[in-house]
Visitor: 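Have a look at the structure that comes next, please.
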Amino acid sequence: MDNQCICQFVIFGATGDLASKKLLPALYHLECAGMMPKEMRILAFGRRPWDNNGWQDFLREQLETYAGNYHPEHFDDFCKHFEYVRGEIHEKESYEKLRAALTEEGADKPASTIFYLAIRPADFVPVVQQLSGAGFNQEGDYRIVIEKPFGEDLESAMRLNEQLHRHFREEQIYRIDHYLGKEIVQNLMVYRFANLAVEALWNRNYIDHVQITVAESGGIESRAGYYDQAGALRDMLQNHLMQILTLVAMEPPPCMEADALRDEKVKVLRSIRPIPKSAVTAYAMRAQYGPGVVDGKHVPGYQDEAGVETNSITETYVAAKFYIDNWRWRGVPFYLRTGKRLENKTSSVALRFRHTPQQLFRETSIEKIEPNWILLSLEPESLKTEIQIKEPGLEMRVRPVQLNASYRKEGEQELDAYEALLLDVMEGDKALFIRFDEVEWAWRVVDPIIKAWGRETDYILTYPAGSWGPDEAARIMDKEDQYWRNKI
Ligand SMILES: NC(=O)C1=CN([C@@H]2O[C@H](COP(=O)(O)OP(=O)(O)OC[C@H]3O[C@@H](n4cnc5c(N)ncnc54)[C@H](OP(=O)(O)O)[C@@H]3O)[C@@H](O)[C@H]2O)C=CC1
Ligand SMILES: O=C1O[C@H](COP(=O)(O)O)[C@@H](O)[C@H](O)[C@H]1O
């Protein structure tokens, strides 16, 4: 990236959870790596009664807490990029103040101004309206980055999109899903489309089923206000897991341009078999964590978390299956699950092959030989293939071994998802951002589940914190020999 380009960055919600845990550390790491444009100005917009010094104290504290690998020697240079703008997102005067800060006398005309909406989804439209009212959608290169979830169901997502388009053109809108910035998620495309041997097997003739897991050991922390309304289906499955599914399932695009990729992803979403209203329980299940032990510590159940409504039935765990009714995947179930307060923080894509047509050998422990697996782990990063080999000795017994495509060479650059995506916004590269039809079709896929669960409001299954979720999650599997793969 041309690090001399003049770019301005405004963070709405600069004091929030996302900013503290992800955005500020990502910007800091870019600074440390020398990848932050030198002239870049960052306006931290917040309502707290601070001046620049107050902001800098906050910034230091957040980086010390959340920027793993924090190198204090870069802090002073990093601070030079920032200015704190005290304001209220609903007040017109705050945007006048913002304009004054953005167009300071003596400041060169910026190549682009990026507004990052790290605020509650309910505040997206009011902020966009204010920005437009203040003329930030006219002359000049203005971009807005919108966080997920984009809407809370199909209808609200359509409304939100329509309201955004009243003020900004599609090319100005960056719908972010940070899972697309994760190295191994991008590697899915390289692994598939740069290796003929892999691609040849990547279809219904060889693959029995696919599992996509995003497990978190953390709870909801201070986010009850948002999470208790959203739940795991809206917070994670509709966006992050569904995006991973599209990358696993899509056809090779004609080229790597943003729209070529997104066209292929949309085709996948459109091919997902609609879940019949009457069969939602066969396709999806939800649960909520109770008290338990995570990383050796006792933790409260969801019901006892600060800010959660009494008797809330919000799901903190969801497992669902989808069928992609196209030439490549018909009949292959895609099992997706995600949850909070699970045993480990780990995310993976696991493809299990079909059984060999004939069993010629004996396995060491159980009767049946386990089919092969392709195992991609997002966290910790790894890419493995599990195959059977002969156990040394006189008998023709087999045992599984994992071939590990060692992922990162020592000293090789490590870019976190937000670091990669922030650079993309600065460069105007939208390949890893979501087009509205992707959002729309992902909502269409999960809407029958949302509707069915919306009607059942008096009970939710629980699982102990620190477990792998409810045993009942196995019931959505099609065959007896299919099971959730926890260890990758
Ligand atoms: N947190 C996460 O891990 C992730 C969050 N997201 C998404 O990011 C977005 C932000 O989430 P998150 O950071 O968790 O939310 P928070 O509630 O933690 O942050 C909201 C921010 O908005 C500010 N704010 C609220 N009202 C006003 C107001 N009237 N005027 C000025 N500022 C205001 C808050 O200021 P104050 O601090 O003063 O209250 C705070 O900085 C959401 O869309 C979420 O879905 C996406 C991925 C991960
Ligand atoms: O979008 C979200 O993602 C985080 C998990 O992100 P990760 O990169 O740490 O895996 C999740 O905790 C949060 O609830 C959700 O809003």
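Counting convention: from 1, in listed order, for ligands and their atoms alike.
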Visitor: Check each atom of ligand 1 against the heavy atoms of T15 and keep those under 4.0 Å away; list them by number with element.
Guide: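 What qualifies from ligand 1 is 35 (O), 36 (P), 37 (O), 38 (O), 40 (C), 41 (O).
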
Visitor: Under 3.5 Å between some N or O of ligand 1 and some N or O of E88?
Guide: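 It does: an N or O of E88 is found under 3.5 Å from an N or O of ligand 1.
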
Visitor: Based purely on interatomic distance, does R120 place a nitrogen or oxygen under 3.5 Å from a nitrogen or oxygen of ligand 1?
Guide: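 In this structure, R120 places no N or O atom under 3.5 Å from an N or O of ligand 1.
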
Visitor: My understanding is that we take every heavy atom of each candidate and find the minimum distance to atom 15 (C) of ligand 2. Doing that for D235, T316, V214, which one comes out nearest?
Guide: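 Among D235, T316, V214, the closest heavy atom to atom 15 (C) of ligand 2 belongs to D235.
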
Visitor: For Y227, is the nearest heavy atom under 4.0 Å from an atom of ligand 2?
Guide: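 Y227: no contact with ligand 2 (<4.0 Å).
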
Visitor: Consider every N or O of R223 and every N or O of ligand 2, then say whether any pair is closer than 3.5 Å.
Guide: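 By distance alone, the answer is yes.
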
Visitor: Just which atoms of ligand 1 are under 4.0 Å from any heavy atom in F124?
Guide: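 So the atoms of ligand 1 that pass are 43 (O).
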
Visitor: Of the backbone atoms (N, CA, C, O) and the side-chain heavy atoms from C-beta on, which set of K22 has a member under 4.0 Å from an atom of ligand 2: side chain, backbone, both, or neither?
Guide: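 Under 4.0 Å from ligand 2, K22 contributes side-chain atoms alone.
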
Visitor: Between ligand 1 and A118, is the shortest N or O to N or O distance under 3.5 Å?
Guide: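 The answer is no, given that A118 and ligand 1 share no N or O pair closer than 3.5 Å.
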
Visitor: Would you call R86 and D51 a salt bridge, taking side-chain N to carboxylate O under 4.0 Å as the test?
Guide: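 So R86 does not pair with D51 through a salt bridge.
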
Visitor: Which residue from K21, K148, E147, R48 reaches closest to atom 45 (O) of ligand 1 through any of its heavy atoms?
Guide: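 Closest candidate by heavy-atom distance is K148.
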
Visitor: Could an N or O of ligand 2 be found under 3.5 Å from any N or O of E379, whether backbone or side chain?
Guide: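 No, E379 has no N/O under 3.5 Å of an N/O on ligand 2.
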
Visitor: As a quick check of understanding, evaluate salt bridge (charged side-chain N to carboxylate O under 4.0 Å, His left out) for D263 and R435, giving each step before the final call.
Guide: CA-CA 9 Å; D263 287 346; R435 206 169 60 189; 2.8 Å; yes

Visitor: Whether D153 and R234 form a salt bridge (side-chain N of Lys/Arg under 4.0 Å from carboxylate O of Asp/Glu) is what I want to check.
Guide: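 Not counted as a salt bridge, because no side-chain N and carboxylate O are separated by less than 4.0 Å.
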
Visitor: Any chance you could measure K80, atom NZ, to D77, atom CG, to the nearest 0.5 Å?
Guide: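 Nearest 0.5 Å value for the NZ-CG distance: 4.5 Å.
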
Visitor: Between R99 and F136, is NZ or CZ placed under 6.0 angstrom from the six-membered ring centre and within 45° of the ring axis?
Guide: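 R99 over F136 ring: yes.
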
